[in-house]
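Step one of this worksheet: look at the structure below.
Position 1 is the first residue of the sequence; numbering continues from there.
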Amino acid sequence: MKIIKIFAAATFALVLNACEMDQMDQELINNPFDEAAISLENIPLHKSFIIISKSNTLPDGFDEVIASANGTLVNAIPGIGIARVDSEDPDFMAKVTNITGISAVVPNLKSQYIDPNMRSQEFLPAEEETEKSNKGKPRKKSASISDFYFALQWGPDAIDAPEAWEAGYRGDGVKVGVLDTGFDLDHPDLAPNISDLSYDFTGEGLQYSLGDVFSHGTHTAGIIAAAENGFGTIGIAPEAELVLIKVLYDEGYGYLFDILNGIIYAALVDVDVINMSIGSTFEKSGNAEDGYSAADAAWYKNIYERAIAFAYQNGTTVIASAGNEAIDYDHSADLMHMPSGAAHALSISSTAPIGWAANPLTNLDMFASTYSNYGQSTIDFAAPGGNYAYAFTPGGYDLCTVGGVTHYCYVFDFVFSTGNGGWYWSVGTSMAAPHAAGVAALIVEKNGGSMAPGDVKEALLDSSDDLGKPGNDDFYGMGRVNALKAVSN
């Protein structure tokens, strides 16, 4: 008997080119990613720091200066002038803040980037309860797709992905970096597409741990590029190469320096598209409880933007989830959501049907107003992310059957994808971003396998469906992505 996990709450590399850095940087960095995976588990909060240079290189004699201030240089990131330093000295920040060539010293902030309150439940397969269920109506399904859970995936239909596949575009030759938690490296839907360039920055191991209750990294990777192999589900770009980059612990939290490291690493190994289904809301005025000041918050934005600008300038398109707090960022002046709010990151809001299992002809493009962040100042594009609104609607707890699977009708409005050891449903802008990343991969493939991020954005703009208010919209940004139009224009 097959058991499928459901998470029913919303979430809510290297060879460096020596010519690109001076001799000081070469000596300081020396295979920078070799030391990047040192665990922070036993380091007290705010005993790990990020040093920010005034330029994209660190000052001469930096390592000696840090040692004299009772600090230990752990890792420096090439190209953006930042380093991680650990110190137990309570006066460390004061000692290094005024060093010539240093702009700032900030705590290496630990944040919860994935909702820790997600609930999981298991259900029995359809045969157990079919006598009480709504059998549903036939669903649109490409005759060429034999992956047996494809019928549960409304997301590809919403963005016309099957038609893009039939036109010959499946992401072949495109590298997509997935910055997330751990991954099921043996999952039959993912294993064919996992790159040898995949890397862990947490020290916890790239493979998910037994404590991983989210399956978050596995889920987002499957939305992007689950293989078309007659098994399970299929991703939007089913032939793309998945460069899996673990930057968060499996409990959903992580340290800012690891995320920055992951972005730079992806750019240096020539990833074409980065997906970051992760995010944290910062208060521009600071947050004493979380241990950062207004000045720190401004620097956090600065270093995110340094890293993403580095990726942008190196030909890597960066896509990020907009966040799940239902915040209107046009009217929330003290808040910023990172990394989606960084310049050159494409921020993705969430769309979904309401009652799709009960009525397969329902609109698949409703804005997920129950949770998705919004505002013209923050949203670039929209994509399928799922919704749980039907749970609060008459009929939501009726039983529906789709593709031979029976469950409460509202669950089918979630996004179905790969999970650790199987498959599951989830909902959030974390699911929307990888749909958009998959479309971006198809665009890159169509344009010969290499494309400037500005051109990728322009192609998305030209091909997305203009929903809501004409033009730039609070909810859909510049439109909901469309895979077929993206490869037809």
Side-chain angles (χ1 to χ4, degrees), residues 6-12 114-115 117-119 153-155 157-159 219-220 223 277-281 319-337 340-341 346-397 408-417 425-436 464-482:
I6 300 181
F7 287 78
T11 43
F12 272 179
I114 298 172
D115 188 344
N117 298 313
M118 293 179 70
R119 304 187 305 273
Q153 297 180 261
W154 55 266
D157 280 345
I159 62 174
H219 198 266
T220 58
I223 294 170
S277 289
I278 60 179
S280 186
T281 300
I319 290 176
S321 53
N324 305 316
E325 297 80 30
I327 294 172
D328 177 1
Y329 275 89
D330 288 346
H331 299 92
S332 303
D334 188 47
L335 300 179
M336 59 181 178
H337 188 269
S340 68
L346 299 181
S347 176
I348 311 299
S349 66
S350 191
T351 58
I354 298 178
W356 171 71
N359 176 16
L361 301 179
T362 194
N363 182 1
L364 300 179
D365 293 319
M366 300 291 290
F367 176 69
S369 59
T370 48
Y371 66 86
S372 181
N373 289 343
Y374 60 101
Q376 293 181 40
S377 61
T378 192
I379 302 302
D380 291 296
F381 297 99
N387 207 343
Y388 51 88
Y390 199 48
F392 309 108
T393 303
Y397 279 88
Y408 296 126
C409 294
Y410 82 88
V411 171
F412 293 95
D413 292 341
F414 291 22
V415 172
F416 193 77
S417 181
W425 281 284
S426 193
V427 57
T429 58
S430 283
M431 286 68 249
H435 278 91
S464 292
D465 290 323
D466 189 5
L467 305 177
K469 183 178 70 176
N472 191 16
D473 177 82
D474 283 2
F475 307 117
Y476 302 95
M478 292 176 281
R480 193 261 297 119
V481 298
N482 185 300

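Interatomic distance, OH of Tyr329 versus OG1 of Thr281, reported as 3.5 Å (0.5 Å rounding). Going from atom CG of Asn359 over to atom CD1 of Ile354 covers 12.0 Å, rounded to the nearest 0.5 Å. Considering OG of Ser280 and CD1 of Ile114, their distance stands at 11.5 Å, rounded to 0.5 Å. Atoms CZ and CG, from Phe367 and Asp474 in turn, are 8.5 Å apart once rounded to the nearest 0.5 Å. Between the OG1 atom in Thr362 and the CG atom in Asp413 there is a gap of 8.0 Å [rounded to 0.5 Å]. Distance check, rounded to the nearest 0.5 Å: OH of Tyr397 to OH of Tyr390 gives 12.5 Å.
Contact check for Thr378 versus His337: no side-chain heavy atoms found under the 4.5 Å cut-off. Inter-residue side-chain proximity for Ile348 and Ser321 is flagged as unmet; no heavy-atom pair is nearer than 4.5 Å. Between Asn387 and Trp356 the shortest side-chain heavy-atom distance does not fall below 4.5 Å. Here the side chains of Pro384 and Leu364 are not in contact, with every heavy-atom distance at 4.5 Å or above.
Paired with Trp425 under the rule ring-ring contact (aromatic ring centres under 6.0 Å, His included), one option of Tyr410, Phe412, Trp154 passes, and it is Phe412. Just one of Asn472, Ile379, Leu346 meets the side chain to side chain contact (heavy atoms under 4.5 Å, CB included) condition when paired with Met478; it is Asn472.
Between Ser349 and Asn373, the shortest heavy-atom distance links the atoms CB-O, 4.0 Å. Shortest non-hydrogen contact noted between Thr393 and Ala389 is OG1-O, 3.3 Å. Between Ala432 and Ser350, the closest heavy-atom pair is CB-CA, 4.0 Å. Scanning all heavy atoms of the two residues, the minimum distance from Gly395 to Cys409 falls at O-CB, 3.7 Å.
Side-chain atoms of Ser347 do not come within 3.5 Å of backbone N or O of Gly341 as any donor-acceptor pair. Between the Asn324 side chain and the Tyr371 main chain, no donor and acceptor come within less than 3.5 Å of each other.
Ring geometry, Phe475 versus Tyr374: the interplanar angle falls from 30° to 60°, so the pair is classed tilted.
Listed by first and then second residue, the salt bridge (charged side-chain N to carboxylate O under 4.0 Å, His left out) pairs that reach into residues 384-394 come to none, sequence neighbours excluded.
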List the steps and the verdict of side chain to side chain contact (heavy atoms under 4.5 Å, CB included) for Val415 and His435. CA-CA 10 Å; Val415 172; His435 278 91; 3.9 Å; yes
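For Asp465, the salt bridge (charged side-chain N to carboxylate O under 4.0 Å, His left out) criterion is met by Arg480, Lys485, not counting sequence neighbours. Contacts of Thr220 classified as side chain to side chain contact (heavy atoms under 4.5 Å, CB included), with partners at least two apart in sequence or in another chain: Val178, Asp180, His216, Asn275, Ser277, Met431, Pro434.
For the residue pair Tyr476/Thr351, the side-chain donor-acceptor check at 3.5 Å is not satisfied.
For Phe414 and Tyr388, the ring centers sit 6.0 Å or farther from each other.
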